[in-house]
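Start at 1 and go down the list; that is how both ligands and their atoms are numbered. In this chain, residues are counted from 1 in sequence order.
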Amino acid sequence: MSEELSAKKPWIDPYEKIWIIVGLIVLAGLTTAVTVAAFAFGIQVPTPERQVDPKIVALEGPFSEPGLRDLGGGKYEAYILGQTWTWTPKEIRVPKGSTITFYITSRDVQHGFQLWDTNLNVMVLPGQVSKVTITFDKPGEYIYSCNEYCGVGHHTMFGKLIVEE
Ligand code: CUA
């Protein structure tokens, strides 16, 4: 009996065969989705905007003078420097309808920059610059706070973006 079996083709349970086929279909679907996303839609994995030396980031370059830069036409750049336990600047003011590109880095440990009531929520790592662009159509006060525990003063690490009418 056993000799008879081994002479035939390897036997696969029908259910197992179905699941192998389902697995291959899912794999082919995901490969197609990733390929189309990368090449047809240009979706890329986020990469650091640029790298900086945390030891000198506060001494030279744009982060030596953190704050708002008016580029004209309602466009702004905001350079924000995190350090235990403060964001510099602590306050930003723009008119309604402004588009701000945020550049955020840390000069010491890991922080998290979260701007409430928006989808701006990025890790802030020493040596890396996080970049996010947002248009503010709704006037009001937007609090930004640190959401990565960074020591005993973590809860005091916040600032305010004011969007004026
Ligand atoms: Cu910075 Cu928590």
For atom [atom1] of [X], is the number of surrounding heavy atoms from other residues, nucleotides or ligands below 6.0 Å larger than 12?
X	atom1	result
Tyr142	OH	yes
Glu164	CD	yes
Lys96	NZ	no

**Request:** For the pair Ser98 (side chain) and Val94 (backbone), establish whether a donor and an acceptor sit closer than 3.5 Å, ignoring hydrogens and angles.
**Result:**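 No, because the side chain of Ser98 does not come within donor-acceptor range (under 3.5 Å) of the backbone of Val94.
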**Message:** Between Arg69 and Pro62 (side chain of the first, backbone of the second, donor and acceptor by atom type, cut-off under 3.5 Å), is there such a pair?
**Reply:**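 Judged by distance alone, yes, a pair lies under 3.5 Å.
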**Message:** Taking 2.8 Å as the distance threshold, tell me the number of protein N/O/S atoms next to atom 2 (Cu) of ligand 1.
**Reply:**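 Those protein atoms number 4 in total.
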**Item:** Heavy-atom side-chain contact between Leu115 and Asn121 under 4.5 Å
**Value:**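 Sidechains of Asn121 and Leu115: no contact.
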